[in-house]
Amino acid sequence: MAAPGAGAPPEETLSLWKREQARLKARVVDWDTEAWQRNPDFSGLQRVGGVDVSFVKGDSVNACASLVVLSYPELKVVYEECRMVNLKAPYVSGFLAFREVPFLAEAVQRLQEKEPSLMPQVLLVDGNGVLHQRGFGVACHLGILTDLPCVGVAKKLLQVDGLEKSDQHKEKVRCLRAAGATFPLVGDSGTILGMADIRSREYIRRNQGLPGAPALGQERTLKAQWQEVCPPGGSAEPTDKGRPPEHLGPGPGADPDAPTQAPRDSEAETGPVGVGPREGPCAICE
DNA sequence: GCGACAG
DNA sequence: ATCTTGTCGC
C-alpha cells in the first residue's frame, strides 16, 4: 500500500480536489448572520469551539484529532475530546482540508450525537479560511461540512492575492503593540482576507511598564481591540467591521472566514476571539 | 544562503 | 506538522 502521509498525489487527484473546493465554495456565507457577531461584546455568544490535529513526532500518518468547547466569556472547558486517527491523504499546500477535515468533521458529529447542547456557536480551526489559493481553506471547508461559523487561524502568512511580507507588511506588524491589536489583511482583490494579531516579543521585553503599554487589567475590551488598527499612515482599513465568522443560510453548512498569523509557539491568534499570548519571533515579524 | 508551499 | 537550542522564572 502507499504511504498516505507522504508522497505527492497525482495531478488527477489535485484536479478532483480543486473541483470539490470550487463546488463547496459556492455554499460559503461570508457575512454576519448571528446577532452576537455584531453585538458590542459578543453578548449572546456562549460557546466557542476549537479543533486541531497534532502529530506523533516522526509520523505523518498517526495523529490526534481534538475538539474542545469553551464557555464564553468565562473560557472554561465544557467539552473535550482527543482521538487518535490515521490520516489517509498527504499534506499538499492548498489542500490541507483533504488531509484533516474528515476527522474534524467527525469530531463535531460525535459532539452532536453525545452532547448537542454543547455545540459551539463558532469554531476556531488551525489553518486558513478565505485567505487561501482558491479562497477555500480548511476553515471554510469545515464550515460547509458542519454548518458552523468557522474562523481560520494560521501561524504563517500564505502569500496569495498579492499579500506579501513586504516592508509595508512588516511595519504594520510592528505596530501591533497592545495585546489584541490587529490590522486587516487586504488582498489585491480588495477583499479583507484576514486580520494579523500579534504581540511582539521584542516590544514586550523592551517596553515593560513603559508608557503606551497598557497596565494589566486596563486592556480594552476584546471587541474594541479588534477594531484597533495601526496608527494612520497604513494604507488599508477603515472597515469598522470586525471579522467574525459567518453562518449558513440555505443548503448544507456554510461560512467562511478569516485567517491570521500568530505568535510562533503553540497556537496562533484569531480574528475574533483572539486571546492567546505566547511570545517569540513569529513568521510575520521575521 | 534565502524564500516559499497553511499543517 | 515536528525537530532543534537557548534563556528565564519557579
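Lettering of chains follows the sequences in order, A, B, ..., and the numbering in each one begins at 1. The structure presented is a predicted model; accordingly, all values stated were derived computationally and were not measured.
- In this structure, Val138(A) reaches the bases: a heavy-atom distance under 4.0 Å links it to at least one base atom across the strands shown.
- Between the NZ atom of Lys155(A) and the C1' atom of dC5(B) there is a distance of 15 Å, given to the nearest Å.
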Kindly list each side-chain donor-acceptor pair under 3.5 angstrom involving residues 43-50 of chain A, sequence neighbours excluded, with atom names and distances?
from, atom 1, to, atom 2, distance (Å)
Ser43(A), OG, Asn39(A), ND2, 3.2
Arg47(A), NE, Met119(A), O, 2.7
Arg47(A), NH2, Met119(A), O, 3.1

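- A straight line from NE2 of His132(A) to P of dA4(B) spans 18 Å, rounded to a whole angstrom.
- dA1(C) atom C1' lies 5 Å from atom CZ of Phe55(A), rounded to whole Å.
- Gln159(A) has a side-chain polar atom (N or O) that falls below the 4.0 Å cut-off from OP1 or OP2 of dC5(B).
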Pairs under 3.5 Å (Watson-Crick or G-U), crossing ones as [ ], inter-strand ones as |: DNA chain C comes out as ..........
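- Asp161(A) and Ser189(A) share a donor-acceptor pair across their side chains, judged by distance under 3.5 Å alone.
- Cluster membership check: Val92(A) does not share its hydrophobic cluster with Phe103(A), using side-chain heavy-atom separations under 4.5 Å among Ile, Leu, Val, Met, Phe, Trp and Tyr.
- Residue ring and base: Tyr91(A) counts as stacked with dG7(B) (centre distance below 5.5 Å, interplanar angle below 30°).
- Closest to the side chain of Ser54(A), from the set dG7(B), dC5(B), dT2(C), is dT2(C).
- One atom, CG of Asn86(A), and another, P of dA1(C), lie 19 Å apart when rounded to the nearest Å.
- In this structure, Leu16(A) stands alone, with no Ile, Leu, Val, Met, Phe, Trp or Tyr side-chain heavy atom under 4.5 Å from its own, directly or through other members.
- Per the geometry, CG belonging to Leu104(A) stands 14 Å off P belonging to dG7(B), to the nearest Å.
- Residues Met84(A) make up the rest of the hydrophobic cluster containing Val56(A), defined by ILVMFWY side-chain heavy atoms closer than 4.5 Å, directly or through other members.
- Rounding to whole angstrom units, CD of residue Gln133(A) and P of dG7(B) are separated by 12 Å.
- Within the 4.0 angstrom heavy-atom criterion, no nucleotide atom of any strand lies near Phe98(A).
- Counting any heavy atom pair closer than 4.0 Å across all strands shown, Gly58(A) reaches no nucleic acid atom.
- Partners of Phe95(A) by ring pair (Phe, Tyr, Trp, His ring centres under 6.0 Å), not counting sequence neighbours, listed by chain and number: Trp17(A).
- Every salt bridge (charged side-chain N to carboxylate O under 4.0 Å, His left out) that Glu20(A) has, sequence neighbours left out, goes to Arg23(A).
- Closest to the side chain of Arg99(A), from the set dA6(B), dG7(B), dA4(B), is dG7(B).
- Counting to the nearest Å, the C1' atom of dC5(B) and the CG atom of Leu157(A) are 12 Å from each other.
- Proximity of Lys156(A) to the phosphate of dA1(C): no side-chain N or O atom is located under 4.0 Å from OP1 or OP2.
- Leu158(A) places its CG atom 8 Å from the P atom of dG7(B), with the value rounded to the nearest Å.
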